[in-house]
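Proteins get letters first, then strands, A, B, ... in listed order; numbering begins at 1 in each. In what follows, every heavy atom counts, from backbone to side chain, and hydrogens, waters and symmetry copies are set aside.
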Number of protein chains: 4
Amino acid sequence: MSGHIGRMLTLQIFGESHGAAVGATLDGLPAGMAVDLPALEAFLQRRAAKGGELATGRLEADAPRILSGLLNGVTTGQPITAVFENADTHSSDYGFLPDCPRPGHADYPAVVKSAGFDDLRGGGHHSGRLTLAYAFAGGLALQYLASKGVTVAAHVLRLGGVADRPVDPVSPDMAALAACRALPVPALDPVAGEQMRQAILDAKAGLDSVGGVVEIVADGLPAGLGEPFFAGVEAVAAAHLFSIPAVKGVAFGDGFGAAELRGSAYNDPYTVTDGRVATVTNHAGGLLGGMSDGMPVIARVAFRPTPSIGLPQRTVSLSAMAETELIVKGRHDPCIVVRALPVAEGALALALCDLWLQAEGNRPAEAEHAR
Amino acid sequence: MSGHIGRMLTLQIFGESHGAAVGATLDGLPAGMAVDLPALEAFLQRRAAKGGELATGRLEADAPRILSGLLNGVTTGQPITAVFENADTHSSDYGFLPDCPRPGHADYPAVVKSAGFDDLRGGGHHSGRLTLAYAFAGGLALQYLASKGVTVAAHVLRLGGVADRPVDPVSPDMAALAACRALPVPALDPVAGEQMRQAILDAKAGLDSVGGVVEIVADGLPAGLGEPFFAGVEAVAAAHLFSIPAVKGVAFGDGFGAAELRGSAYNDPYTVTDGRVATVTNHAGGLLGGMSDGMPVIARVAFRPTPSIGLPQRTVSLSAMAETELIVKGRHDPCIVVRALPVAEGALALALCDLWLQAEGNRPAEAEHAR
Amino acid sequence: MSGHIGRMLTLQIFGESHGAAVGATLDGLPAGMAVDLPALEAFLQRRAAKGGELATGRLEADAPRILSGLLNGVTTGQPITAVFENADTHSSDYGFLPDCPRPGHADYPAVVKSAGFDDLRGGGHHSGRLTLAYAFAGGLALQYLASKGVTVAAHVLRLGGVADRPVDPVSPDMAALAACRALPVPALDPVAGEQMRQAILDAKAGLDSVGGVVEIVADGLPAGLGEPFFAGVEAVAAAHLFSIPAVKGVAFGDGFGAAELRGSAYNDPYTVTDGRVATVTNHAGGLLGGMSDGMPVIARVAFRPTPSIGLPQRTVSLSAMAETELIVKGRHDPCIVVRALPVAEGALALALCDLWLQAEGNRPAEAEHAR
Amino acid sequence: MSGHIGRMLTLQIFGESHGAAVGATLDGLPAGMAVDLPALEAFLQRRAAKGGELATGRLEADAPRILSGLLNGVTTGQPITAVFENADTHSSDYGFLPDCPRPGHADYPAVVKSAGFDDLRGGGHHSGRLTLAYAFAGGLALQYLASKGVTVAAHVLRLGGVADRPVDPVSPDMAALAACRALPVPALDPVAGEQMRQAILDAKAGLDSVGGVVEIVADGLPAGLGEPFFAGVEAVAAAHLFSIPAVKGVAFGDGFGAAELRGSAYNDPYTVTDGRVATVTNHAGGLLGGMSDGMPVIARVAFRPTPSIGLPQRTVSLSAMAETELIVKGRHDPCIVVRALPVAEGALALALCDLWLQAEGNRPAEAEHAR
């Protein structure tokens, strides 16, 4: 079961890497939102492999066919379904499956879970290909948030041992984050970005792969989003971010670093800025008690290195129950972190958009009178 | 809205820190499970403040009154509700609220969200007191898992700059983890534990607080639990773990460290051990593609330092919209990490138990024939 | 698993008839609503057995102990939990269980489902006693709707072969519905009500029971509530109404009678009344395509006769797998229809209130501008 | 928001009548089920308009393009998405919308709800066309149930004043129900069926429409399905059945007739038949306390007459806020009851299938030992 996610904005994803298509149904976006389709397609192209040196050789158009939910480019309030055809598949590359599960892949648990019936070719439903459908939904959520004055942007914070400059958590330079998307590896420090690019190429040359850390910022949120106990911003956002294949860590604000500080250093003092309540620092990443506090929301997401590598690897033959060596031939990315940036932005946006719509329904009586 | 969590095992938590009581309803535990109530109460006492040097001075019995769902100590299959009375409250300590939100606390977003109607005394519904109800449910999930041969245990991995020895991710010493619960600060290395204890006392002496990192292990899971895309183990477990107040980071296996490795170093090779498929290493923390792979599941959870500290802090008066200084008098823990250990174990257990029950419903046709 | 219901307003019910208590947690009511507790308690007393001639001899205080979610009588936006203690139980009356399931009761399927672990005394979790907790939540939903100008009221339409006058579906006399609550059997036609009362007494005298049909009206709803395809008003309301034990039929507007009409007779023509769109007739019961159309919502609910009767009945001994005769001694109502009126009103109100809050979150962009 | 339905078997439907396509995603069907695609397509053809005298002139292939979830015709355990292209649309027939809402249609509430942004052409997302996608999912659920020995079949019980013979609720003749599907109007009594056919033609000749009542039987269920309080069989099945457009009443067993009986006549006595517990009669429709009791489940579903009729009707111009006359030109069915039979069978099957999978997860400890 793949499951859906969200309460007022629900998302269901479907499809397999080597099946007919992948797609998504996003349900709950209010009626009347004009969708900027060219912008949405450009957003998806940030995720696309374009035949360049850093990405897989599998080339797909990645253009959505939107089946429902839009009329004249405006949301109707009904479910929005988009389908992306799979065209460039080489299923013959996966003849070793299901007998020889690839290390680091979902193959083995998927075989056990499905008694062998799951479609494993190219990773099946567990493939990074599904993030295309996810990004489609995320792109819509980003446009919704933008219509409310909220912008979300990410950069590569760490990759191959190279560190980019973190964003200023109090006054993030959203324009700089947007601008660095034009780079091969989007980093605020172009030198770091170039070193990261080289690290990817080095790994690729070694038939290997690298992981990395992404930093995402959501700027412009009001205070009070989030529905703790169980639907606090961190919980909902983490459920989204950990749904991205290859994510192994999620942190907000100082994250694991927070564990090293004393309360007096960590607590963000309040102040009044431009007539609004703000905090002087932002160790909390804009999140207190599961709710937004009006400061920028800052998340960090750790991606493991791409599991598919060209080097020989040790695995087992499930039929023989004996060890064997495996060389994976399928095309793959030496690093998925760069292509994951829009996916991660979209995942965070989906979480925030869902909580935004919930907050509308939960608006207190007072506030309603004040409208 | 506090929300419930879970699909086949759902949990709803209620109550405020200074209200009549806190409690939980856990729904979905199969009928016929004998609950070990003394063990459950002992489990909850691991979380209790017992008047010792490391915890808050607020002393509560923390004994559950179970209202439903058990007959002669055995689950009926109906919702299990437990209530914990609040007795030792000093609401007068919170006279500065709602005007002067405490830095690092949920006060400010809660005021904005609720237009001032939320109960803020002692943190209200956002208080760590709610983790008592959460732990009750977690304790039941732990007993369910134990009946299936799955054990879950945690220790303090980092605290106040001191590091404990991490567990062996391939062969975790579950007995050692259980044994160290007797220490003031449960660490595998007693010297580290003692240094951590001292770090807490130092912070307390300075009217300050410290955070820390908890490592949790779930041993004995079969391969194939988890329902990705959106209900993979990481996503479901993270939603639970981030629901614990003060958690700011969650990682599985190598976590953020995974981002620094190459695929050839990270991918866990398969082997055959005792006639079963296993991996030689366990960088993945027992989780591939959102599913368990049969190896120990290993999570790390970062807790921020307790927000309540005795030092003067800078805040604002919301009525005056001007800065002011605040000294919080309420009783509080200099460190919540130790008391959080059973809460975190329980949170992970709830996630795994829910996925276990889902896996029963999702069992493939083949496997059913094979029973 | 008992399950919760609702999306933006969720309800969980817990407890068993002869356990410690029954209760409910209602989560999602916006902060800032002043709860009229005396009115709520008076509402619950409409459901209570008061020792009169028409109801069970089991007498309970039925007074809620509210544990959470209210501060100074105003909602905080957090879960509202109420507990009702069970005091007047005679569990010894149920010694024939689980061996001899009562005809018409949940006993037999509950035994099979739970492998015998369910608590069957007095019906356990399946008892009408649980409707007390349900009515508590319904009473809150009714107060929320009332604050929006929506009133909900029910009467007994049929009972023991006697028919009351149906409400005028275009201009229901809500005051008359409210007024007839003072009668022993609330009917718009007092003569019919008196005949119904006699029918109940006749059944009681014959150690038997009767069922009946309830008609409920919700007046004052705006057009556009409901989230079809799967959360249309009928679907959500029916899920609530069928959750009331003993309900076997639910219909809206002309209901089963609609099946006998031609479209030209059934379709309600539009007109303009007082500057607002209205329909001339109301065969649709205020519901078109799963959405409210601004006319009164009218539902009819069929209750089977109380399963517990004093006459000897034919059952089986599960241990002997042989037929046997059973005489049920437990106290019971000769008719639950009258006591069910507030439960049904509350159930419909919960459905409408949930959809109301969802509509807030789904409000279209245009409408937001127009606020 | 269209919403999804189900807990362990979830369904999302998308599309508009005159959009690109309609479709469905069914998630949760266990891996390893061989799908009989020709049977599924034949099932869908029972719903199709085939150019005959009884149905709309809109002719569509109604052939599913399955995008995901099947590999070599066997379920993978991942979401199954099917798309049905819309080809034969005449959107110009709907030029009167959104200004002049059709009586009896969803037009008016949809306009209000969406601030005019919803796609109303041909009924948009509210169209009966969506039941094609619904029936696709239902057809899969029926095949799953069939693999467990459960059969579901329906017939037309009432139509145009003509009554068919009801099924025997204790020993329903499932073969007869299956056989009568070959008739123009499937009725157990062919004479009644022919009279119903004539009633449809009469209504058609009068530019009018008729409704009807469908009776559905599910035979072969074990006792103990259903998760009351809020997910009892009646509640879950009714939520599904009321999601079918045009349904205005749902009843189980004796339904509204139950309200007229005394308990001594209604309660079904237990007996032992072929070594199994059974009831002598089946007034309860196989459902006690929200759970199946092992007897046939019997539901009746009332359909209002098709709202689209060719006669002139009275409506309002929303722009002029004045009454006007409307003649609807779009093609439509004089009666949708016959085409609704497979939809209703599928809806009930989806409810039962979801509860079946939930029961797997909820299986009590005892029963597990007994496997």
Side-chain angles (χ1 to χ4, degrees), chain A residues 1-3 5 13 103-104 106 109 112-115 117 126 208-213 223-224 227 229-231 234-235 238-239 242-243 248-249 251-252 255-256 258-259 262-264 266-267 269-272 277 288-289 291 293 302 304-306 309 311 314-316 321 323 362 364 366-367, chain B residues 1-3 5 13 103-104 106 109 112-115 117 126 208-213 223-224 227 229-231 234-235 238-239 242-243 248-249 251-252 255-256 258-259 262-264 266-267 269-272 277 288-289 291 293 302 304-306 309 311 314-316 321 323 362 364 366-367:
Chain A
M1 186 175 203
S2 175
I5 193 167
I13 282 189
V112 173
K113 182 179 193 60
S114 72
F117 290 111
H126 311 285
D208 214 335
S209 65
V210 284
V213 176
E227 307 291 335
F229 206 84
F230 289 117
E234 293 96 326
F242 273 117
S243 294
K248 299 301 282 188
F252 299 91
F256 280 81
R262 284 195 168 189
S264 56
Y266 179 86
N267 284 351
Y270 287 106
T271 185
V272 176
V277 173
L288 291 172
M291 292 172 284
D293 65 5
R304 47 150 299 165
T306 319
I309 58 176
L311 292 170
R314 191 173 153 196
T315 185
V316 292
M321 280 303 275
E323 288 195 19
N362 280 328
E366 280 298 86
Chain B
M1 185 175 204
S2 174
I5 192 166
I13 282 188
V112 173
K113 181 178 195 62
S114 72
F117 290 111
H126 310 285
D208 214 334
S209 65
V210 284
V213 175
E227 307 291 334
F229 207 83
F230 289 117
E234 293 96 326
F242 273 117
S243 294
K248 299 301 282 188
F252 299 91
F256 280 81
R262 285 196 167 188
S264 57
Y266 180 87
N267 285 351
Y270 286 108
T271 186
V272 175
V277 174
L288 291 172
M291 293 172 283
D293 66 4
R304 48 151 299 166
T306 318
I309 57 176
L311 292 170
R314 190 174 154 196
T315 185
V316 292
M321 281 303 275
E323 288 193 19
N362 280 327
E366 279 299 87

Is [X] close to chain A through its backbone or its side chain, or both, or neither, when contacts mean heavy atoms under 4.5 Å?
X        : result
B:Thr315 : both
B:Ile13  : both
B:Ile309 : side chain

Just give me the residue among [options] that pairs up with chain A most often, heavy atom to heavy atom, under 4.5 Å.
options                                : value
B:Glu323, B:His126, B:Arg314, B:Met1   : B:Met1
B:Gly249, B:Gly211, B:Ala302, B:Pro305 : B:Pro305
B:Leu311, B:Val112, B:Leu288, B:Thr306 : B:Leu288

Is a side-chain donor or acceptor of A:Asp293 paired with a backbone partner of B:Pro109 at a separation under 3.5 angstrom?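 Answer holds: no.
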Of all the heavy-atom pairs spanning [X] and [Y], show the shortest one and how long it is.
X        : Y        : value
A:Ser243 : B:Phe230 : OG-CD2, 3.4 Å
A:Pro103 : B:Tyr270 : CA-CE1, 3.8 Å
B:Val272 : A:Val316 : CG2-CG1, 3.7 Å

With chain B as the partner, which of [options] has the greatest number of non-hydrogen pairs under 4.5 Å?
options                                : result
A:Ala231, A:Pro269, A:Ala238, A:Gly289 : A:Pro269
A:Ser264, A:Ser2, A:Gly212, A:Ala223   : A:Ser2
A:Gly3, A:Gly224, A:Ala239             : A:Gly224
A:Ala106, A:Gly255, A:Gly263, A:Ala251 : A:Gly263

For B:Lys248, check side chain to side chain contact (heavy atoms under 4.5 Å, CB included) against everything at least two apart and list the hits.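 Per chain and number, B:Lys248 pairs via side chain to side chain contact (heavy atoms under 4.5 Å, CB included) with A:Glu234, A:Phe252, A:Tyr266, A:Ala284, A:Leu287, B:Arg304.
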